[in-house]
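Input: a single structure, listed below in structure tokens.
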Amino acid sequence: MEIRQLEYFVASVEEKSFYKASEKLYTSQPAVSKSIAVLEREINQKLFKRTSKGLKLTTHGERFYHHAKNVLRQIDIMKDTMLGTKEVHLTLASYPSKLISNALTAFYNEQETQFQLEYHEGSVQDMIDFVYKGICEFGILYIFPKQEQAFKHIMTHKHLEFVPMKECELCVYVGEKNKLYKSQKAITLEELSELQYIRGVRDFFSVEHHFDYVLNEINTAYFDDRVLTNSDHLVSLMLKKTDLCYLGIDTKGTRAFSKIRIDAPEKQLTLGYIKNRSTELSEKATEFLSYLMRYV
């Protein structure tokens, strides 16, 4: 088995085509096809099946992709080390988050040596894909206790792991134009339905899903959602300039808005990060996660 075979295989997976993989790697399609065929004979397993939408991985192919991506990533690290490359990379993903953005900016400014930063925002599924495909080294997210079993199943299937960092609480954010601004410390589940909302990224692990399917006490489908967005910048502007509110988690880094505690039986959630199960985090990643705890 050669490194080139792994490179051809990974490119074919990500491009879903031998032809597109060959273009990406500046070689010919026959060269890619032949390399994959030799690889399949060596490991005695079929890695791909052809569909009308292009190449699709077999079950063996999915497992092999995970390991191949890992090997290529480690080889890149070895090359950088042996060649004395000075540039360090930090690649991560999270929910759309002003908190993370502020922490990253402050962290970058405080570093004595420059490094390359790559940051992606999205849903939990987006983060899982980013980390699984090797686009990001880790992803920062939160989960609720009753969602833990389903989440662990996904992590096992994707060869990832979740590392808890801190227990947080649910809250509602309001700006100074909202009548509840600095006038109310807690709110009941029933009172939540009387508010008007900015709604952020919504998926199985979102705050809204927690209310709908975990608490079983309130249906957020009936919430008065006035703004739907995956932009944390828009959320901040709307909180600042309108009387709308936002469901979120209680952190230190949101002093510009009023935080109202939610009086619910299960208001705790776990903030943490996901990473490749078989790979240790880089020194820069570990350093940033430690730094982030000052903001949470």
Side-chain angles (χ1 to χ4, degrees), residues 92-108 117-128 130 136 139-144 147 165-166 168-187 189 191-212 214 218-262 264 267 269-273 292 294-296:
L92 69 148
S94 80
Y95 285 110
S97 171
K98 187 176 180 180
L99 170 72
I100 304 297
S101 299
N102 287 339
L104 278 170
T105 303
F107 179 73
Y108 183 87
L117 171 65
E118 183 175 344
Y119 175 54
H120 298 268
E121 293 184 333
S123 66
V124 169
Q125 188 57 58
D126 292 330
M127 281 184 266
I128 290 171
F130 287 143
C136 294
I140 301 169
L141 47 80
Y142 54 77
I143 60 171
F144 293 91
Q147 295 171 318
M165 295 170 64
K166 184 179 180 181
C168 300
E169 287 193 1
L170 291 170
C171 69
V172 175
Y173 287 103
V174 298
E176 59 184 11
K177 292 186 178 296
N178 192 290
K179 62 182 181 181
L180 302 178
Y181 184 73
K182 291 188 177 179
S183 67
Q184 191 164 332
K185 293 184 178 181
I187 191 168
L189 290 174
E191 289 174 315
L192 286 176
S193 59
E194 300 171 6
L195 304 176
Q196 295 178 333
Y197 292 91
I198 311 156
R199 195 180 82 195
V201 174
R202 188 167 190 165
D203 63 12
F204 179 80
F205 299 98
S206 67
V207 171
E208 290 86 356
H209 184 274
H210 178 69
F211 285 114
D212 292 343
V214 180
I218 192 166
N219 188 343
T220 59
Y222 297 106
F223 276 15
D224 190 357
D225 293 326
R226 294 303 178 97
V227 176
L228 308 178
T229 183
N230 65 352
S231 167
D232 195 65
H233 181 62
L234 181 60
V235 170
S236 295
L237 284 176
M238 284 288 175
L239 286 173
K240 183 178 180 180
K241 297 181 179 295
T242 74
D243 64 350
L244 300 179
C245 61
Y246 182 75
L247 288 170
I249 60 173
D250 189 355
T251 62
K252 297 175 187 174
T254 45
R255 296 170 186 169
F257 309 115
S258 207
K259 293 179 286 191
I260 304 173
R261 180 175 53 82
I262 297 174
K267 56 190 177 184
L269 66 161
T270 304
L271 181 71
Y273 61 91
L292 177 64
R294 303 183 197 177
Y295 286 77
V296 178

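Counting begins at 1 with the first residue of the sequence. Model, not experiment: these values are computed from the prediction.
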Let me confirm one number: the [atom1]-[atom2] distance from [X] to [Y], rounded to the nearest 0.5 Å.
{"X": "K185", "Y": "S258", "atom1": "NZ", "atom2": "OG", "result": "10.5 Å"}
{"X": "I198", "Y": "T242", "atom1": "CD1", "atom2": "OG1", "result": "5.0 Å"}
{"X": "D126", "Y": "L141", "atom1": "CG", "atom2": "CG", "result": "11.5 Å"}
{"X": "C168", "Y": "L269", "atom1": "SG", "atom2": "CG", "result": "5.5 Å"}
{"X": "I262", "Y": "L192", "atom1": "CD1", "atom2": "CG", "result": "5.0 Å"}
{"X": "Y295", "Y": "I100", "atom1": "OH", "atom2": "CD1", "result": "10.5 Å"}

Ignoring hydrogens, what is the shortest heavy-atom contact between [X] and [Y]? Give both atom names and the distance.
{"X": "S94", "Y": "Y119", "value": "OG-OH, 2.6 Å"}
{"X": "A93", "Y": "F130", "value": "CB-CD1, 3.7 Å"}
{"X": "Y197", "Y": "S193", "value": "OH-N, 4.4 Å"}

(Q) Under 4.0 Å between a side-chain nitrogen and a carboxylate oxygen: does that hold for K177 and D243? (A) no
Q: Answer yes if the ring centres of Y142 and Y95 are under 6.0 angstrom apart, and no otherwise.
A: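 Judged by ring-centre distance (under 6.0 Å), Y142 and Y95 do meet the cut-off.
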Within the structure provided, determine whether [X] and [Y] are in side-chain contact (heavy-atom separation under 4.5 Å).
{"X": "L117", "Y": "L92", "result": "yes"}
{"X": "L244", "Y": "L239", "result": "no"}
{"X": "E176", "Y": "F257", "result": "no"}
{"X": "L271", "Y": "T251", "result": "no"}
{"X": "Q125", "Y": "I128", "result": "yes"}
{"X": "E121", "Y": "S101", "result": "yes"}
{"X": "V172", "Y": "L195", "result": "yes"}
{"X": "Y181", "Y": "S183", "result": "no"}

Q | Worked verdict on E118 versus C136 for side-chain contact (heavy atoms from CB on, under 4.5 Å) | A | CA-CA 8 Å; E118 183 175 344; C136 294; 5.6 Å; no
Checking the side chain of [X] only, and the main-chain atoms of [Y] only, is there a donor and an acceptor separated by less than 3.5 Å?
{"X": "N178", "Y": "L180", "result": "yes"}
{"X": "S236", "Y": "D232", "result": "yes"}
{"X": "Y273", "Y": "M165", "result": "no"}

(Q) According to salt bridge (Lys or Arg N to Asp or Glu O under 4.0 Å), who are the partners of R226, at least two apart in sequence or on a separate chain? (A) D224
